[in-house]
Amino acid sequence: MSDETLSKAYSPAEVEAKWYPTWEKRGYFHSDVNSAKKAYTIVIPPPNVTGILTLGHVLNNTLQDILIRFEKMRGKETCWVPGMDHAGIATQAKVEAFLKKEKNLTRYDLGREKFLDEVWKWKEQYGGKIIQQLRTIGTSCDWPRERFTFDEGLSAAVQEVFIRLYNDGLIYKGHRIINWCPKSRTALSDEEVIYRQESGHLWHIRYPFADGSGEVVVATTRPETIMGDTAVAVNPEDERYKGLVGKMLILPIMNREIPLIADEYVEKDFGTGAVKITPAHDPNDYEVGLRHNLAMPNIMNDDGSMNENAGEEFNGLDRSVARKLVVEKLDAAGLLVKVEDYAHQVGYSERGGVPVEPRLSEQWFVKMEPLAKPAIEAVTSGKIKFHPDRWVKTYLHWMENIKDWCISRQLWWGHRIPAYYCKKCGKVYVGKAAPEKCECGHTEFRQDEDVLDTWFSSWLWPFSVFDWPNATPELKRFYPTDTLVTGPDIIFFWVARMIMSGLRFMGEVPFKDVYFTSIIRDDKGRKLSKSLNNSPDPLDVVATYGADALRFTMIYIAPMGQDIRYDNKKCEIGRNFANKIWNVVRFRLQHGTAPKDWMDLSSLKAADLRPDDQWILSRLNQIVKTMTQQLAEFDFNNACKSIYDFIWNEFCNWYLESAKPALSAPAGTTCATLKVFDYCLGTFLKLLHPIMPFVTDELYHQMEFCTEDDSIMVQAWPEAIPEDRMAELGATKSVEQLNAAKYELVRAVRNLRANYQLSTSLPLDVVITPASDEAKAFLDLDHDALGALLNAKSMVLGDKPQGPVGVALSAIGTAFVPLEGLVDFAAETERLKKQEEEAVKYIATLEKKLSNKGYVDHAPAAAVQADRDHLAETQDKLARIREQLAALGA
RNA sequence: GCGCGCAUAGCUCAGUUGGUUAGAGCGCCACUUUCACACGGUGGAGGUCACAGGUCCGAGUCCUGUUGCGCGCACCA
């Protein structure tokens, strides 16, 4: 027996500080590659090395932790690989800002090598905070297996993949219009561009014919690109321009002659039907330029300023300044016809936060279509399942319209492209190193300056973490992984590409299930963001409410596939729940700790058990089944609700209250009830452990359910008691129903109490007239529990007592409470009249339903029978209500 | 334009393949510091399930349409 008593309220801080290091030290998180158990693997979506813990991470990693702990208890060899992403643009930008602030240096001041040294230094000092922070919420990651997308092994995998794809003709270098971020001064992939609706203008500009015979008016949203125009295009079918195509126009400002051309791409009905063509600065114009063999002058520098091709006056001006100046000059020259307000979509750099510039340049691309084909099949065939599955449609739409992936970045922080150019003839060689000698005989080479898109390393994550391309035992054992938990926002960036690379390089899907988490918003429905200052720091929340409380709350409020609205107050749900369980144990410990054989119910017989014991065992069995299924089906939200409702409502409010007399009794039922109590308690602690790991392990130990050097974390997941054994214990459906009816009667008496404003602490004399012989026999089994639930001074089964009484009716019987001097006849009549009305209404509903032949013939027999039972019960109840009304003289 | 999602109690949301009198948490009202818990207990009020049709014996649930909100993709300069 424990001699120390638990504090009244649960304080999580010390419990969390105690258990996490204990679990980690004991190696519970570490997976054994040689074990005989079935493997269950998750690879963490690697957070950015620059990142700090957000609520999004909390949700995402709690879900993974639930799966890992659940599967571990179910007997699997669980392996949860943690790690980080080097996050090219984000990290480089962060370190550049840092250097500017601390040393007033730019990366160009340092040069490539020194700058990279600084990034590594920064990484060692400030990076990876998030990995430490993850521990505070209890994540059971296999820390010795932690990887970094830029570590040696993963870099080797990246290089290998690049070389293989190049040799297979799936990586090529191309001259194309790409999305350019003028802030980070690099190319981007299509996915890194975010389109935002903006209210801009449509400028209508005159382009006079060179022969002075008139003009063509074009409409544009980007006047500053006028210096790069090499044609004006109209639709070939457009009557307005018939006969004019082929004539030369004077390009305003530049005073250069450009042709009027005809191209199908132009819509007759938009704007003026004439489009200025700037091939180097617009993807559509580029296509037109190719078709018509137009010159493609680039008029901008890589930082978004104008270059010498834009003319002396504009050279060096920022594109936004140039825009204003161009408009001014056109206006002054009388070439500006009008300016319309115009709402249109503008592409922004995801990381840089500035408008992207379409730019003609030489970049490396991955040819995606051949990779997409098998990846489409993997999902349509069901080899990979999405939860919720509606994301399949999004995935397939992208996959079926996939474009080549621009993978080169003009950054320094990233995997250098393994391509080498002969310094003499320029021939390119792709490989781990430059060849000794070029075909031309020259021996000097330079490596490609560019690095690879960060996602080019992330997409290999499920197998590169196990040291692919080496055939390691880990790779063999833990690939393919089982479940991926991630946000739907990176379905294209990451999920789709992992599927493609997994199939390509491993010949097998990288995971079987993908669970897409909710997006967290604030209580007003806004996305959490730094600028709105509406993202609570999870570490503060943990400090205030506890890690378990935060975990439980997040999962409790996060339904599958829906966004969630979060505010800190909601963590009270989890905090209060943890406190509730804490107090169950506090209560239980008043009767000593658990005996060693607490899990063994084999000595129990039906006769030893009170109906409430049988009822709770029946309910517990149900919850074991339900919860197991819900976790296995990723229905975390409902799993939380199930266990919450069971513990709070069924166990605490009914069972525990019913057990108080038995537990205070010196012997007899005490043993059996304690046994059932402990069995339930130990079982639900285990069920709850994956969701609330800290408090459950603490209480498991407080109860001495296991020894000090053991842990709930490594116990076996609960199994339902077999049906035949349940029957032996008398925990049958019919007992469960009778007991539920008993509680219904208790509720009716409590309602009576409230109506007469009788304090809940005032013990009452109660006489119950059972509704049937079966009811009488059942109620006779245990007067103590019923008396306790009713808070009765005396409780007898018998006929209605003499004198003024309050009446409480339920299907199992009628309860009479003598209320000498308290009964207000008018009020009592009114109360019963109301109940009569309800019963009459319900009976009418049921009779109508049951007299409908279609219903009786078509509906399931069980539904019909249930209605018939309810009808009989309600009719019986109505009769008793009327009897009492008659007695009142109403 | 195409696709997806959402609309249920004052608020935030559940509601499985259609079948008890539509639920929970918070908030609200009344009672309650009884000996596990006031981070508690008991009772209660509160909903024509966005709207209009349809299928069905039966619709919050399925179908069609409408409205409003959110998201994604693609865009006509």
Side-chain angles (χ1 to χ4, degrees), chain A residues 5-6 8-10 195 202-203 218-222 225 232-233 265-278 282 284-285 342 344-345 388 390-391 393-394 397-398 401 488-489 491-492 519 521 523 525 545 549 556-559 561-567 569-570 572-590 633 635 637-638 641 644-645 649 652-653 656-657 660 664 746-747 750-755 757-763 791 838-839 841-842 845-846 849 852-860 862-864 866-867 869-870 874:
Chain A
T5 47
L6 264 48
K8 217 169 168 185
Y10 171 55
Y195 289 91
L202 201 51
W203 284 273
V218 306
T220 182
T221 54
R222 301 208 54 199
T225 61
V232 169
Y265 148 72
V266 181
E267 298 281 330
K268 281 191 293 187
D269 302 327
F270 185 87
T272 61
V275 186
K276 66 194 264 314
I277 301 298
T278 323
D282 181 281
N284 289 312
D285 292 7
Y342 183 61
H344 63 139
Q345 301 271 93
R390 69 185 149 85
W391 292 108
K393 214 161 176 175
T394 307
H397 181 257
W398 188 75
N401 298 285
D489 50 332
I491 198 165
F492 309 140
I519 292 168
R521 298 173 180 282
D523 55 339
Y545 297 96
Y556 185 85
I557 65 175
Q562 258 4 94
D563 291 356
I564 62 177
R565 290 185 187 218
Y566 173 91
D567 74 296
K569 192 176 186 304
K570 287 191 175 167
E572 288 179 7
I573 302 170
R575 181 200 60 183
N576 295 353
F577 187 41
N579 190 59
K580 189 78 181 174
I581 301 157
W582 177 264
N583 275 286
V584 170
V585 171
R586 191 162 173 260
F587 167 79
R588 173 60 186 80
L589 287 176
Q590 293 174 350
E633 291 172 356
D635 194 359
N637 176 242
N638 283 319
K641 290 185 170 163
Y644 182 90
D645 185 61
N649 223 298
C652 292
N653 289 354
L656 189 150
E657 292 302 329
K660 280 179 177 173
S664 331
V746 172
R747 273 203 200 91
R750 286 171 177 172
N751 177 283
L752 178 75
R753 238 184 220 282
N755 272 290
Q757 309 231 331
L758 300 169
S759 159
T760 42
S761 57
L762 177 74
N791 188 21
E838 273 170 19
K841 211 170 121 194
Y842 188 31
T845 308
L846 289 172
K849 216 166 152 189
N852 181 337
K853 199 168 175 307
Y855 174 65
V856 179
D857 289 353
H858 294 92
V864 178
D867 281 342
D869 293 347
H870 287 129
T874 313

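In the text below, chain A, chain B and the rest are named by the order of the sequence lines, each starting its count at 1.
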Item to check | Pairwise distance CG(A:L762) to CD(A:Q757) - rounded to 0.5 angstrom | outcome: 13.0 Å

Checklist entry - Counting any heavy atom closer than 4.0 Å, what does A:E838 reach on the DNA or RNA strands: base, sugar-phosphate only, or nothing? => result nothing

Next on the checklist: Taking the minimum atom-to-atom distance to the side chain of A:R747, which one of B:A36, B:A30, B:G43 wins?
Outcome noted: B:G43

Next on the checklist: Please report the distance separating the P of B:U66 from the corresponding atom of B:A22, rounded so that it comes out in whole Å.
Outcome noted: 31 Å

Checklist entry - Mind checking whether A:Y10 and A:V585 have side chains closer than 4.5 Å, heavy atoms only? => result no

Next on the checklist: Counting the atoms with a prime plus P, OP1 and OP2 as sugar-phosphate, which does A:A866 contact under 4.0 Å by heavy atoms, base, sugar-phosphate, or nothing?
Outcome noted: nothing

Item to check | B:G23 and B:C35, which share atom name C1', separated by this distance in whole Å | outcome: 34 Å

Item to check | Nearest-neighbour nucleotide for the A:K569 side chain, B:U34, B:A14, B:C26 considered | outcome: B:C26

Next on the checklist: Side chain of A:K849, heavy atoms from C-beta onward: which of B:U21, B:C57, B:C76 has the nearest atom to it?
Outcome noted: B:U21

Item to check | Protein-nucleotide distance (A:N401, atom CG; B:C75, atom P), rounded to Å | outcome: 10 Å

Item to check | Distance-only donor-acceptor test (3.5 Å): side chain A:K580, base B:C37 | outcome: yes

Next on the checklist: Using a heavy-atom cut-off of 4.0 Å across all strands, would you classify A:Y342 as base, sugar-phosphate, or nothing?
Outcome noted: sugar-phosphate

Item to check | Rounded interatomic separation in angstrom, taking CZ from A:F587 and P from B:G41 | outcome: 14 Å

Checklist entry - Is there a donor-acceptor contact under 3.5 Å from the side chain of A:R586 to the main chain of A:L6? => result yes

Checklist entry - So what does A:N653 touch, heavy atoms closer than 4.0 Å: a base, only the sugar-phosphate, or nothing? => result sugar-phosphate

Next on the checklist: Both A:E657 and A:K393 contact RNA chain B. Taking the nearest nucleotide for each, which residue is further toward the 5' end?
Outcome noted: A:K393

Checklist outcome for this item: Per atom distances to the A:N583 side chain, the nearest of B:U42, B:A36, B:U21 is B:A36

Checklist entry - With respect to the side chain of A:A863, which nucleotide from B:G25, B:U42, B:G19 is positioned closest? => result B:G19

Next on the checklist: What's A:S761 touching, base or sugar-phosphate or nothing? Going by heavy atoms closer than 4.0 Å.
Outcome noted: base

Checklist entry - Contact class for A:L656 vs. all strands (heavy atom < 4.0 Å): base, sugar-phosphate, or nothing? => result base

Item to check | Length of the CG-C1' vector between A:N852 and B:C56, whole Å | outcome: 11 Å

Checklist entry - Does A:N755 or A:F577 map to a spot on RNA chain B nearer the 5' end, using the closest nucleotide for each? => result A:F577

Item to check | Any side-chain heavy-atom pair of A:K276 and A:T225 under 4.5 Å | outcome: yes

Item to check | Shortest side-chain distance from A:F270, nucleotide among B:C4, B:A14, B:A77 | outcome: B:A77

Checklist entry - B:U17 and B:C26: how far apart are their P atoms, nearest whole angstrom? => result 28 Å

Next on the checklist: Say we look at B:U64 and B:G25: how far apart would their P atoms be, to the nearest angstrom?
Outcome noted: 36 Å

Item to check | Geometric class of the A:F492/A:W398 ring pair [parallel <30°, tilted 30-60°, perpendicular >60°] | outcome: parallel

Checklist entry - When we call it a touch if two heavy atoms are under 4.0 Å apart, what does A:N638 touch: a base, just sugar-phosphate, or nothing? => result sugar-phosphate

Checklist entry - Quick one: does A:N579's side chain have a donor or acceptor within less than 3.5 Å of a partner on A:R575's backbone? => result no

Checklist entry - When the distance from CG of A:N576 to P of B:A38 is rounded to whole Å, what number comes out? => result 11 Å

Next on the checklist: Mind checking if A:R575 touches a base, just sugar-phosphate, or nothing, with heavy atoms under 4.0 Å?
Outcome noted: base

Item to check | Paired nucleotide for B:A38 [Watson-Crick or G-U wobble; both distances under 3.5 Å] | outcome: none

Item to check | Separation of the C1' atoms in B:G1 and B:C11, to the nearest angstrom | outcome: 36 Å

Item to check | Of the listed nucleotides B:C76, B:C37, B:U21, the one nearest the side chain of A:Y265 | outcome: B:C76

Checklist entry - Base, sugar-phosphate, or nothing: which does A:N637 touch, judged by heavy atoms less than 4.0 Å apart? => result nothing

Next on the checklist: Give me the distance, rounded to whole Å, that separates B:U12 from B:G72 when you measure between the C1' atoms they each carry.
Outcome noted: 25 Å

Next on the checklist: Between B:G5 and B:A9, how far apart are the two C1' atoms, rounded to whole Å?
Outcome noted: 23 Å

Checklist outcome for this item: Closest of B:C57, B:U21, B:U12 to the A:R565 side chain is B:U12

Item to check | Euclidean distance, A:K570 NZ relative to A:R565 CZ, rounded to 0.5 Å | outcome: 8.0 Å

Checklist entry - Under 4.0 angstrom, heavy atoms only, what part of the nucleic acid is A:H397 near: base, sugar-phosphate, or nothing? => result sugar-phosphate

Checklist entry - Do A:N583 and A:F587 come close enough that some side-chain heavy atom pair is under 4.5 Å? => result no

Checklist entry - What nucleic acid atoms does A:T221 come within less than 4.0 Å of, heavy atoms only: base, sugar-phosphate, or nothing? => result sugar-phosphate

Next on the checklist: Output the rounded distance in Å from CG (A:L6) to P (B:C39).
Outcome noted: 18 Å

Checklist entry - In terms of side-chain heavy atoms of A:Y556, which of B:G25, B:C75, B:U42 is nearest? => result B:G25

Item to check | Euclidean distance for C1', B:A50 against B:C69 (whole angstrom) | outcome: 11 Å

Next on the checklist: Need one value for A:E572: base, sugar-phosphate or nothing, where a base atom within 4.0 Å counts as base even if backbone is also close, heavy atoms only.
Outcome noted: nothing

Checklist entry - Counting side-chain heavy atoms from CB outward, which of B:A14, B:C37, B:U32 is closest to A:T760? => result B:U32

